[in-house]
Structures are given as structure tokens and as C-alpha cells.
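Contents: one structure, followed by commentary.
Numbers here are sequence positions counted from 1. Every value quoted in this text rests on a predicted model; they were computed, and no experiment measured them.
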Amino acid sequence: MIRPSRRKILATAEYTGCLPLLRRLTGRRHAILTFHRIHDGNSLPDGFCSCPSHSVKNFRAALSWCKRHYRFVPLSDLVRFRGDRTPLCAVTFDDGWRDNYRFALPVLRELDIPATVFIVTSKIGAKTPFWQQKLGECFRKANSSNDCRDALKASFRDLHDANDFTPALFRRTVSRLKRLPARLREPLIDRVAEQCGVEEQRERLFLNEAEIHAMREHGINFGSHTHTHPVLTTEEPSDIHAELFDSRERLQQILDEPVLMLSYPNGNWSVEIARMAATVGYRIACTTIHGHTSAHSNELALPRIELPYLPYWSTT
């Protein structure tokens, strides 16, 4: 196999806008990569899907490239040896989507790479997506349905004067809704989805217990992503504690082992939330702060690197 020259790699990275990422990944510090969904390449995500997604081809190419620069280890080992000079890399997934089993696991096994999946325990075996996906479907329908358009305008003050329900408007709406506590946001989204005629998914979207056990047999570790995936910084302390405690208890029942790792939904955390997580029993927690991990990184507020959509990874 002919490997591309360094000049070609840098030129491709600059052309695709990934040069800053390339520079970050070639540093001497450790990297915790974060993914969400992996798809087969036949159904590309559109602008109304707020969950990051990568094709199997690009996922494999990105990990293959990283493997030439890092030694892949489980997340717990990276945290334990984060003072080492040898560049270490850990792979993590948020949410617990079923495609992690269908499409990501075969690539991880092929490349002999361990990973950690952070599970939203209320979604285990579920067909129902998160509120962001429901809202995305409403925005899709609004461009062809006056009833759905009227329902969105009536429910959201910021959409009263909207003419085109674009992906950019969808992203801004999602960002604003994340500031609401779940007890206010979830019923609102459910009501709009019902008015727009959003149908329940026919296929299961999230990992079930059998798939979790099968993945663990192939070197995949699991941690908590809370019970219902609220933005913790918008919730009351009692609700935060319940989210952290209930999800850990549920996972420990499934795995029959201690669950010590956590990923904060949306990456939102605070010193108080980190202390609460430690009290519940977590020893490692990941944020969405973009950056490398070093010997000085806080174990309960670890930065991660989320790979953007990289259609040209396979050319490098």
C-alpha cells in the first residue's frame, strides 16, 4: 500500500477545513475521541438532524489514521496513565444508538480498538428518539404542511415571523430550547410533534440489553449518559441526583459490575454537578470541551475531540 506524503495530507486537511483538527491530533498529548451515530452511507443525515453522524467508510478511515499516531486504550486506562509521554487515544460514543452495534462494532473489531459507550438508560431498547429528532421531523414537515407550520409558529414565539423552516433556523431553535428544563421542554415538543403528525419509528433506534452484553464480550465498556438525557445545568439538584443515581443503578443491574464512568449530556457540567457525580460513585466524567487530555486534566471534567464530518478522510 502506498502511503500519502505529508505534503498531501496537509494539503487535503487545509482544503477540507480540518487543518486545525489535524494539528490537534498530531500533538503529544492524549486524545479522547467522541462519536454519536455511525451510518452505512446509504442514508446521509440532512440538516434537520442535530446528532453528529459518520459513515462507516469515514469512521474506519479516521480511526486507521489515528492508529498510526496513537496507541488506542480503554478510556479508564487513558485516564490512569494520562501522565505518560506515549500518545494514547480512547474512543467514546454518546447516547447508545443501535447503529453503534450494527456499524461501529465491526470496524472496532476489525481494527482491534476498544471503546466506551455512554448509555441513556431510559432509551435502552427504545424506538422513540430524543426531542431534537422529533423537532427536526416537525421542521421537515413544516416546509410542505401548513398545519405543521402553524403548529410550530403557535408553540414557539421566535418562529412567529418565520417563512422558511431551514436547517439553520432548526439549529438555533434547538440551541434555545436546551436552556429550558426538561419538565417544560419535553411536553411542548411532544404536543407539537402530535400536531404535526410525526409517527413513531418502526425500527428500534437504541441498543437493547442483548446488544450491550454482546458488545461487552468484544471489549466494549459502558458508562452512564444519565437516565433521560437532560441538560443537567438547567435542572434542580434533586433531579440531577436522580438522573445520575438511577442511570448508574440500572446499568449496574444490566452489567453486574460497578459503573464508574459518566458523560454529561450536551457536555454541560459545573463544579457542583461534578461533586454530585463523585458522591454518587462516578470516578471518570467526560465533557464536550474540545481539547486533549493531559496529566493535569480533571478526571470529572475530561475534554474530548469530536471529529467533524470528514468526507475526505479516506483520501488521506
Which atom pair, heavy atoms only, marks the closest approach of [X] to [Y]?
{"X": "M215", "Y": "L105", "value": "CG-CD2, 4.0 Å"}
{"X": "S224", "Y": "T226", "value": "OG-N, 2.9 Å"}
{"X": "L169", "Y": "A162", "value": "CD2-CB, 3.8 Å"}
{"X": "V91", "Y": "F93", "value": "CG1-CE1, 3.7 Å"}
{"X": "S297", "Y": "L302", "value": "CB-CD2, 3.9 Å"}
{"X": "P114", "Y": "P74", "value": "CG-N, 3.6 Å"}

Determine whether more than 12 heavy atoms belonging to other residues, nucleotides or ligands lie under 6.0 Å from atom [atom1] of [X].
{"X": "R80", "atom1": "CZ", "answer": "yes"}
{"X": "F245", "atom1": "CZ", "answer": "no"}
{"X": "H296", "atom1": "NE2", "answer": "no"}
{"X": "E199", "atom1": "CD", "answer": "no"}
{"X": "E194", "atom1": "CD", "answer": "no"}

Quiz: residues 129-138 side-chain donor-acceptor pairs under 3.5 angstrom, not counting sequence neighbours:
{"from": "Q133", "atom 1": "OE1", "to": "F130", "atom 2": "N", "distance (Å)": "3.0"}
{"from": "K134", "atom 1": "NZ", "to": "D190", "atom 2": "OD1", "distance (Å)": "2.7"}
{"from": "E137", "atom 1": "OE1", "to": "R140", "atom 2": "NH1", "distance (Å)": "2.8"}

Do [X] and [Y] belong together in a cluster built from hydrophobic side chains that touch within less than 4.5 Å?
{"X": "L63", "Y": "W97", "answer": "no"}
{"X": "L205", "Y": "V56", "answer": "no"}
{"X": "L177", "Y": "V198", "answer": "no"}

Please examine the side chains of [Y] and [X], heavy atoms only from C-beta on, and report whether any two atoms are closer than 4.5 Å.
{"X": "I305", "Y": "H292", "answer": "yes"}
{"X": "L88", "Y": "D77", "answer": "no"}
{"X": "L232", "Y": "Y264", "answer": "yes"}

(request) List in chain and number order the residues that pass side chain to side chain donor-acceptor pair (under 3.5 Å) with R204, two or more places apart in sequence or in another chain; answer none if no residue qualifies. (result)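 Result, side chain to side chain donor-acceptor pair (under 3.5 Å) vs R204: E211.
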(message) Restricting to side chain to side chain donor-acceptor pair (under 3.5 Å), what partner residues turn up for T34, sequence neighbours left out?
(response)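 Only R304 meet the side chain to side chain donor-acceptor pair (under 3.5 Å) criterion with T34.
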Looking just at side-chain N and O atoms, do [X] and [Y] make a donor-acceptor pair shorter than 3.5 Å?
{"X": "T121", "Y": "S247", "result": "no"}
{"X": "E243", "Y": "T228", "result": "yes"}
{"X": "R191", "Y": "Q195", "result": "no"}
{"X": "H39", "Y": "D99", "result": "no"}
{"X": "S122", "Y": "H227", "result": "no"}

(message) Among F59, F35, F103, exactly one meets ring pair (Phe, Tyr, Trp, His ring centres under 6.0 Å) together with H54. Which residue is that?
(response)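 Answer after filtering F59, F35, F103: F35.
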Applying ring pair (Phe, Tyr, Trp, His ring centres under 6.0 Å), name anything that partners [X], two or more places apart in sequence or on another chain.
{"X": "F118", "result": "none"}
{"X": "F222", "result": "none"}
{"X": "H36", "result": "none"}

(message) Can you classify the ring geometry of F48 versus F139 as parallel (below 30°), tilted (30 to 60°) or perpendicular (above 60°)?
(response)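 It falls in the tilted class, 30° to 60°.
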(request) Determine the interplanar angle of the H229 and H225 rings, folded into 0 to 90°, and report it as parallel if under 30°, tilted if 30 to 60°, perpendicular if over 60°. (result)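 Ring orientation, 0 to 90° scale: perpendicular.
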(message) I need the D158 CG to K153 NZ distance, nearest 0.5 Å.
(response)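 One gets 13.0 Å once the value is rounded to the nearest 0.5 Å.
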